[in-house]
Amino acid sequence: MTLTELVNKYYFHDSTLEAIRFDQNRNSLVMEIDFCFWMQTDYVKTSPETGMIQLIFNGVQDFIGEPCCYNDLTILDIIVSEHNKLTFQIIDEDNKEYMELTVIAETVEFVVQ
Amino acid sequence: MCKGISELYEGTKGGSGENGNNSSSGNSIKEKAANIAQSLPKDPDKLLETGWQETTHPEMRDKSNSRDFFDPSTEITVRFDKGKPEAPGFRGKNHYHIENPNRTGKRDFYLDKDGNPVPKGSDASHIIP
């Protein structure tokens with residue numbers, strides 16, 4: 001799906017970013033996220049509230065962010081600009097640090113683990 | 001320009017903060033949090049009128065719809081998240097999170113409306129004023 005379709009379909013507020021991997025060979029970037037299923041419009045109450053998903057960005061043209069460990073960072077919001085540019089607003093609540101990560105890619109897959 | 005993300009960045013899961021095994025302080029925190037949860041205002045600016053301090057990171061204040069507040073009297077921090085206007089369901093609701101000062105990690109990071117530890121991302125961690 002496009003990055004715009006991702007933002008329109010899923011709500012990422014308060015999900016947590018656990019890891020980022022960049023696969024140079026396939027020109028893709030994978031984000032592992034502990035996702036809030038219960039916040040989605042199609043959530044079924046008998047399903048788990050949260051769980052791991054992967055966002056697999058393909059055709060990655062750029063990644064803009066601090067080269068540090070991404071672990072247990074709370075996602076406040078994700079903003080799409082220019083059809084293929086996605087910015088994650090995230091916070092490290094333990095250290096009270098705010099940061100933004102930007103991915104420029106052609107498409108993204110949403111994969112439930 | 002890409003800033004050189006060409007290797008695996010994978011943090012280790014671990015705890016942070018202090019273990020909350022002291023029963024008397026734990027009960028006190030529970031009661032304090034429950035009282036706070038009951039009195040959280042719809043307008044977060046009202047917290048400033050009752051002694052809370054805003055501790056929002058400047059960039060976060062400028063760029064996001066979230067704000068942090070600290071109460072010196074209870075030493076409890078809350079985060080206010082503004083909902084998206086006209087958005088369906090929970091997306092449109094303003095809410096707070098109460099940080100657990102005795103947290104050991106992600107699984108007990110917040111306190112619910114009754115002052116009980118709850119995980120990050122959980123429904124119970126979201127307190128609607």
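Letters go in sequence order (proteins before strands), and every chain restarts at 1.
Note: A/E93 leads A/E93, A/Q40, A/E49 in heavy-atom pairs under 4.5 Å with chain B. With chain B as the partner, the residue from A/V30, A/L76, A/T50 showing the most heavy-atom pairs under 4.5 Å is A/L76.
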Query raised in the report: Can you check side chain to side chain contact (heavy atoms under 4.5 Å, CB included) on A/I91 and B/H57, steps first, answer last?
Result: CA-CA 10 Å; A/I91 53 173; B/H57 186 287; over 6 Å; no

Report task. Give the intermediate values and the outcome of side chain to side chain contact (heavy atoms under 4.5 Å, CB included) for residues A/D14 and B/H95. Result -> CA-CA 11 Å; A/D14 281 339; B/H95 61 273; 3.4 Å; yes

**Report entry** Residues B/R107, A/D34; criterion salt bridge (Lys or Arg N to Asp or Glu O under 4.0 Å); working and verdict
**Finding:** CA-CA 12 Å; B/R107 294 296 145 201; A/D34 194 349; 3.6 Å; yes

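In terms of hydrophobic clustering, with Ile, Leu, Val, Met, Phe, Trp and Tyr side chains grouped at heavy-atom distances under 4.5 Å, A/I90 and A/I53 are assigned to a common cluster. The same ILVMFWY cluster, assembled from side-chain heavy atoms under 4.5 Å apart, contains both A/F57 and A/L17. Follow the hydrophobic side-chain contacts under 4.5 Å out from A/I33 and you reach A/M1 in the same cluster. In the hydrophobic clustering of this structure, A/I104 does not group with A/F22; members are Ile, Leu, Val, Met, Phe, Trp, Tyr whose side-chain heavy atoms approach within less than 4.5 Å, directly or through other members. Under the 4.5 Å side-chain heavy-atom criterion for ILVMFWY residues, no single connected hydrophobic cluster contains both A/I56 and A/L86.
Looking at B/T77, the atoms closer than 4.5 Å to chain A (heavy atoms on both sides) all sit in the side chain, from C-beta outward. Heavy atoms closer than 4.5 Å to chain B are found in the backbone of A/E97, but not in its side chain. Proximity to chain B is absent for every atom of A/S15, based on heavy atoms less than 4.5 angstrom apart. For B/S64, the parts sitting under 4.5 Å from any heavy atom of chain A are the backbone and the side chain alike. In this structure, chain B has no heavy atom under 4.5 Å from any part of A/I79.
Looking at heavy atoms from C-beta onward, A/M39 lies out of side-chain contact with B/D123 at the 4.5 angstrom threshold. A 4.5 Å side-chain heavy-atom check between A/E18 and B/K106 finds at least one atom pair inside the cut-off.
Residue-level contacts of residues 37-56 of chain B with chain A do not occur; threshold 4.5 Å between heavy atoms.
In this structure, CZ in B/F109 is found 4.5 Å from CG in A/D94, a value given to the nearest 0.5 Å. The NZ atom of B/K120 sits 7.0 Å away from atom CG of A/L73, with the distance rounded to the nearest 0.5 Å. A/W38 CH2 to B/S122 OG: the interatomic distance, rounded to the nearest 0.5 Å, is 7.5 Å. Annotation: the span from B/K84 atom NZ to A/Y11 atom OH amounts to 6.5 Å, rounded to 0.5 Å.
Across A/C36 and B/G121, no two heavy atoms sit closer than the pair SG-O, 3.3 Å. Between B/R91 and A/N8, the shortest heavy-atom distance links the atoms NH1-O, 4.1 Å.
Other residues, nucleotides and ligands contribute only 12 or fewer heavy atoms inside 6.0 Å of the CD atom of B/E86. A/K96 NZ: more than 12 foreign heavy atoms inside a 6.0 Å radius.
Taking the charged nitrogens against the carboxylate oxygens, B/K63 and A/D77 have no contact shorter than 4.0 Å, which rules out a salt bridge.
A donor and an acceptor atom, one from each side chain of B/H126 and A/H13, are nowhere located under 3.5 Å apart.
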